[in-house]
Amino acid sequence: MSSRNIAVVGIFVVDLSFITEKLPSPGETVIGDNYIIGPGGKGSNQAVAISRSGGKVSLIARIGDDQFGQTGMKLYESEKVSTEGLVIAEGEKTGSAAISIDQHGMNSIVVVPGAANGLTKEMIDQKINIFNNSSTLLTGFEVPLNVATYSLKLARSKGLKTILNPAPYFEICKDSYKLVDFLTPNEHEASSISGINVVNLDTAREAGKKLCELGVGVSVITLGEKGVLCTRGIKDHEGVYLPAVRLKEKVIDTVGAGDVFNGAFATGISEGMTLEKTLEFANKTASISVRRQGAALSAPYRDEVNNLY
Ligand code: ATP
Ligand code: RIB
């Protein structure tokens, strides 16, 4: 393992995605057009995106010893994601997510983490070698919150760069944000953390400042089809704004767009790219992924991104 390695602390689940003209309202049944079974879970999707974008990655995750767990193991073998960080829980079920996707690519998701809920701080300690041999940590809120904050603490104490994707949003002790070098919320998560309703670029700038005031080094708010806004500290009022990349292919599935963004972002940081270059790389990578179906498997490879234009 080289010091370019990225440690991801997250979850793996199997996504059951249902494609339908319109999302069902509560109490409604709709007839769908197709369904797809594929790998999901934010941490796992990020790990695959890191590997495809040219990064080296070890995923720390807890899965069951069932058929879904086997799906994960096969995925990591083919995607060159190191499995030394996996914890296999005997007799437990690997998680799953029920995803509905409408004709505009809009989605709604229920994720059941299953065995991933049993990941503990002690298990993180048992994987200390991964932290010792990595330069960057990427984590989020699908793992138990005490495990996410413990991983940030451990990474900070060992001099790793820390990236927190606060998704899905949960409230944590505000002091924990001081452990974060790069915070990567989407608009909703940025609104919940900052208390500013992010609806456009101006409000994203205000929220970015608030996030930096919490002690975050750099705020990177992803804005879906509008792109991304990065605020490099409390005095960086304008920040760096990049619109999403326009391509001739239609947007068909935005599930995992944030994960692909985070994966490519982590790769850029681990390679020592400038922040501006890293943002451009992650924005391009995620913009390609929304033209493809699936979560993990929608991540493009590095040369596809380099050949974009
Ligand atoms: P998800 O929860 O679906 O994984 P997210 O809400 O965390 O996604 P978004 O802010 O929607 O993340 O998107 C992340 C990035 O993906 C954007 O910053 C942009 O680069 C790209 N992206 C998302 N939606 C589109 C779109 N419609 N067109 C082009 N690029 C997009
Ligand atoms: O970000 C998308 C992911 O969120 C899906 O793959 C689903 O499994 C949920 O974890």
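Residue indices begin at 1 and follow the sequence shown. Just follow the structure's listing: the first ligand is 1, and inside any ligand the first atom is 1.
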Considering only protein heavy atoms, which is closest to [atom], and at what distance to one decimal place?
atom	value
atom 27 (N) of ligand 1	E225 CB, 3.4 Å
atom 2 (O) of ligand 1	K42 NZ, 4.2 Å
atom 3 (O) of ligand 1	T254 O, 2.8 Å
atom 7 (O) of ligand 1	G258 CA, 3.4 Å
atom 15 (C) of ligand 1	A286 CB, 3.8 Å
atom 6 (O) of ligand 1	N186 ND2, 2.9 Å

#### Entry: Matching residue for D181 among T162, T136, V218 - test: side-chain contact (heavy atoms from CB on, under 4.5 Å)
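Exactly one pass, corresponding to T162.
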
Part of [X] within contact of ligand 1 (heavy atoms, under 4.0 Å):
X	answer
R291	side chain
N283	both
A257	both
N165	neither

Do ligand 1 and [X] have nitrogen or oxygen atoms that lie under 3.5 Å from each other?
X	result
G224	yes
V251	no
V290	no
G256	yes

### Query
When you measure from the side chain of R62 to the backbone N and O of V87, does any donor-acceptor pair fall under 3.5 Å?
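Such a contact is absent between R62 side chain and V87 backbone.
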
### Geometric cation-pi criterion, K121 with Y150: 6.0 Å, 45°
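K121 over Y150 ring: yes.
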
#### Entry: Cationic tip of R205 above Y241 ring, under 6.0 Å, 45° of axis
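Negative - R205 is either too far from the ring of Y241 or too far off its axis.
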
### Query
Strictly under 4.0 Å, does any heavy atom of G258 approach an atom of ligand 2?
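Flag not set, G258 not near ligand 2.
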
### Task
Answer yes or no: is there an ion pair linking K209 with D236, defined by an N-O contact shorter than 4.0 Å?
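D236 and K209: not salt-bridged.
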
#### Entry: Pair Y169 + F141: ring centers closer than 6.0 Å
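Ring-ring flag for Y169/F141: false, centres at least 6.0 Å apart.
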
### Query
Does G227 reach ligand 1, in the sense of a heavy atom lying below 4.0 Å from it?
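For ligand 1, residue contact (heavy atoms, under 4.0 Å) with G227 is present.
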
### Task
Mark the output for H104 as yes if a heavy-atom distance to ligand 1 is under 4.0 Å, and as no if none is.
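So H104 does not count as touching ligand 1.
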
### Query
N/O of P39 under 3.5 Å from N/O of ligand 2, yes or no?
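No.
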
### Task
Look at the rings of Y76 and F12 and say which category their plane angle falls in: under 30° parallel, 30 to 60° tilted, over 60° perpendicular.
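Taking F12 first and then Y76, their aromatic rings stand perpendicular (interplane angle over 60°).
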
### Query
So which bit of N45 gets within less than 4.0 Å of ligand 2, heavy atoms only: side chain, backbone, both or neither?
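Side chain only; the backbone of N45 stays clear of ligand 2.
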
